[in-house]
Amino acid sequence: MKAAARQTLSVLVSDDSAILRERLAGLLEEREGLRVVGLAGSAAEAWRLFLQRRPDAVVLDVKLPDGSGIDLLRQIKGASPHCVVLMLTNYDEAEFEEECHRQGADFFLRKATEFETAADLLARL
């Protein structure tokens, strides 16, 4: 009996820091079964890429230069409820985490302490 082929998970990364986007994209691409399909530095760019590429997962910053990542989370989940959204932020306040989960975030990670966990979580999906 043949083993089932592993499906590739397409991932969009949105963060206001180009350095962080590139670093995270590199970590994700190193993992078997993950493929980065877009990098966005703003909410508008992330939404445009999301609609064009329909990724399986999105790594999203809570605050973006042109808007709220939480608002974008709501839009993404409204358009594609099965899309996995991982919020990655510097904000430690519990209110941000609670609001993200209320809006449908699948994961909430802190950049300072859980940055590399993002790749681990997505690779396990």
Side-chain angles (χ1 to χ4, degrees):
M1 181 187 282
K2 279 187 171 180
R6 181 172 178 176
Q7 182 179 356
T8 299
L9 190 77
S10 59
V11 183
L12 170 65
V13 176
S14 181
D15 193 276
D16 58 351
S17 167
I19 293 169
L20 188 136
R21 286 192 308 270
E22 292 294 332
R23 185 168 166 227
L24 184 55
L27 286 173
L28 294 171
E29 289 286 349
E30 289 174 0
R31 304 298 175 103
E32 183 179 340
L34 297 179
R35 180 173 51 93
V36 176
V37 296
L39 301 174
S42 69
E45 184 180 17
W47 182 242
R48 181 182 58 77
L49 288 172
F50 175 80
L51 292 174
Q52 287 176 351
R53 308 211 174 133
R54 294 294 179 170
D56 301 308
V58 178
V59 178
L60 184 58
D61 196 355
V62 168
K63 294 222 177 182
L64 295 163
D66 62 340
S68 164
I70 297 171
D71 290 341
L72 184 54
L73 162 65
R74 189 179 310 111
Q75 286 180 275
I76 289 169
K77 286 297 193 170
S80 183
H82 299 294
C83 180
V84 174
V85 180
L86 188 154
M87 303 302 288
L88 186 63
T89 187
N90 280 323
Y91 294 95
D92 245 352
E93 294 83 14
E95 307 86 59
F96 283 110
E97 184 171 4
E98 291 165 8
E99 184 60 21
C100 287
H101 285 299
R102 267 195 300 277
Q103 298 303 325
D106 298 282
F107 302 100
F108 186 94
L109 302 176
R110 286 152 185 88
K111 291 177 189 178
T113 58
E114 301 171 305
F115 179 80
E116 294 187 12
T117 304
D120 295 335
L121 283 171
L122 294 173
R124 283 187 284 212
L125 295 178

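Atom set for the values below is all heavy atoms of this structure, side chains included, hydrogens, waters and symmetry mates excluded.
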pair [X]-[Y]: side-chain heavy atoms closer than 4.5 Å:
{"X": "Asp106", "Y": "Leu121", "result": "no"}
{"X": "Val84", "Y": "Phe107", "result": "yes"}
{"X": "Glu97", "Y": "Arg110", "result": "yes"}
{"X": "Leu27", "Y": "Phe115", "result": "yes"}
{"X": "Glu98", "Y": "His101", "result": "no"}

If I compare all heavy atoms of [X] with all of [Y], which pair ends up nearest, and what's the gap?
{"X": "Arg74", "Y": "Asp71", "answer": "NH1-OD1, 2.9 Å"}
{"X": "Pro81", "Y": "Gly78", "answer": "CD-O, 4.5 Å"}
{"X": "Leu39", "Y": "Leu49", "answer": "O-CD1, 3.5 Å"}
{"X": "Ile70", "Y": "Gln103", "answer": "CG2-CG, 3.8 Å"}
{"X": "Leu24", "Y": "Ala118", "answer": "CD1-CB, 4.2 Å"}

How many angstroms lie between atom [atom1] of [X] and atom [atom2] of [Y], to the nearest 0.5 angstrom?
{"X": "Leu9", "Y": "Arg31", "atom1": "CG", "atom2": "CZ", "value": "13.0 Å"}
{"X": "Asp15", "Y": "Leu20", "atom1": "CG", "atom2": "CG", "value": "4.5 Å"}
{"X": "Asn90", "Y": "Thr113", "atom1": "CG", "atom2": "OG1", "value": "9.5 Å"}

With Phe108, which residues qualify under ring pair (Phe, Tyr, Trp, His ring centres under 6.0 Å), at least two apart?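 For Phe108 there are no ring pair (Phe, Tyr, Trp, His ring centres under 6.0 Å) partners, ignoring immediate neighbours.
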
Which of these, Val58, Val59, Val62, sits in a side-chain contact (heavy atoms from CB on, under 4.5 Å) with Met87? Val62

Using the test side-chain contact (heavy atoms from CB on, under 4.5 Å), find all partners of Asp66 that sit at least two apart in sequence or belong to another chain. Ser42, Ala43, Ala44, Leu64

Residues two or more places apart in sequence or in another chain: which of them pass side-chain contact (heavy atoms from CB on, under 4.5 Å) with Ala46? Ser14, Ala40, Leu72

Name the atoms and distances for all side-chain donor-acceptor pairs under 3.5 Å in residues 50-57, with sequence neighbours left out.
unit_1 : atom_1 : unit_2 : atom_2 : d
Gln52  : OE1    : Arg48  : NH1    : 3.3
Arg53  : NH1    : Val37  : O      : 2.5
Asp56  : OD2    : Ser10  : N      : 2.8
Asp56  : OD2    : Ser10  : OG     : 3.0

Counting only N and O atoms by type, is there a donor-acceptor contact under 3.5 Å from the side chain of Glu99 to the main-chain atoms of Glu95? no

Ring pair (Phe, Tyr, Trp, His ring centres under 6.0 Å) contacts in which one or both residues fall within residues 75-98, not counting sequence neighbours: Tyr91-Phe96

Same hydrophobic cluster for [X] and [Y], using side-chain heavy-atom links shorter than 4.5 Å among ILVMFWY?
{"X": "Leu60", "Y": "Val13", "answer": "no"}
{"X": "Leu125", "Y": "Val85", "answer": "no"}
{"X": "Leu86", "Y": "Val36", "answer": "yes"}

Does anything in residues 16-28 pair up under salt bridge (charged side-chain N to carboxylate O under 4.0 Å, His left out), and if so which pairs, sequence neighbours excluded?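 Sorted pair list: Arg23-Glu116.
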
